[in-house]
Amino acid sequence: MHFSIATSAALSHLYQRLGHWMAFEAPNGCMSVNALAAFPDNPQVREAVDRHKHETLEWLGQRSRRPDLATELFLIHEGASSAWLVLGEKAIEAALSTTMTLLGAPHR
């Protein structure tokens with residue numbers, strides 16, 4: 001499979017935005033995960049988080065042009081947001097590098 005520059009750019013942009021989001025909007029961790037932890041029995045919270053996370057999973061499969069790897073890409077993405085608390089920007093850099101490796105894309 002040929003890996004396009006557009007796909008690489010989209011995924012790079014995704015992780016750039018995730019890093020910005022974590023730094024400025026969610027410095028204490030993923031708000032969705034935190035909401036579920038705070039309100040585990042609230043069906044509205046569970047439904048909103050479930051919808052958001054499934055939309056993210058589908059987006060990753062579409063933008064990477066590898067729907068067969070959507071779950072793996074989702075785990076990398078979610079791992080980066082969870083690791084942000086400990087690693088900061090290094091979590092984002094590692095997630096992008098791992099994503100590119102998984103997809104067979106050229107990267108640094």
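- Counting only heavy atoms from C-beta outward, the side chains of Met22 and Ser81 approach each other to under 4.5 Å.
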Worksheet item: Can Trp84 and Lys90 be said to form a side-chain contact (heavy atoms from CB on, under 4.5 Å), step by step?
Response: CA-CA 8 Å; Trp84 175 266; Lys90 287 182 182 182; over 6 Å; no

Worksheet item: Under the side-chain contact (heavy atoms from CB on, under 4.5 Å) criterion, do Leu73 and Leu57 qualify, and how do the steps go?
Response: CA-CA 8 Å; Leu73 295 168; Leu57 185 144; over 6 Å; no

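- Residues His54 and Trp59 have side chains not in contact (no heavy-atom distance under 4.5 Å, counting atoms from C-beta outward).
- Considering every non-hydrogen atom in both Gly61 and Ala70, the closest pair reads CA-CB, 3.8 Å.
- Using a 4.0 Å cut-off between a side-chain N of Lys or Arg and a carboxylate O of Asp or Glu, Lys53 and Glu78 qualify as a salt bridge.
- In this structure, Ser12 and Met100 have side chains that are in contact, with non-hydrogen atoms separated by less than 4.5 Å.
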Worksheet item: Can you list the steps and then say if Leu14 with Leu60 is a side-chain contact (heavy atoms from CB on, under 4.5 Å)?
Response: CA-CA 9 Å; Leu14 166 75; Leu60 287 164; 3.3 Å; yes

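- Residues Tyr15 and Ile76 are in side-chain contact: their nearest non-hydrogen atoms beyond the backbone lie under 4.5 Å apart.
- Phe74 is connected to Leu103 through a chain of hydrophobic side-chain contacts under 4.5 Å among Ile, Leu, Val, Met, Phe, Trp and Tyr, so both are in one cluster.
- Within the 4.5 Å cutoff, no side-chain heavy atoms of Phe39 are placed close to those of Gln44.
- Of the possible polar contacts, none joining the Ser97 side chain to the Glu93 backbone as a donor-acceptor pair under 3.5 Å is found.
- One distance of note links CG of Asp50 with CG of Leu36; it measures 9.0 Å at 0.5 Å rounding.
- The distance from atom CD1 of Ile92 to atom CG of Leu18, rounded to the nearest 0.5 Å, is 4.0 Å.
- Side-chain contact between Asn42 and Arg46: absent, with no pair of heavy atoms (C-beta onward) separated by less than 4.5 Å.
- In this structure, Leu96 is a member of the same hydrophobic cluster as Leu102, with clusters built from ILVMFWY side-chain heavy atoms closer than 4.5 Å.
- One distance of note links CD of Glu25 with CZ of Arg17; it measures 8.5 Å at 0.5 Å rounding.
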Worksheet item: Yes or no on side-chain contact (heavy atoms from CB on, under 4.5 Å) for Leu11 and Ser64, after CA distance, side-chain angles and deciding distance?
Response: CA-CA 7 Å; Leu11 293 169; Ser64 68; 4.3 Å; yes

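- Looking at heavy atoms from C-beta onward, Thr7 lies out of side-chain contact with Arg63 at the 4.5 angstrom threshold.
- Annotation for His52 and Ser32: closest pair CD2-OG, 3.6 Å, computed over non-hydrogen atoms.
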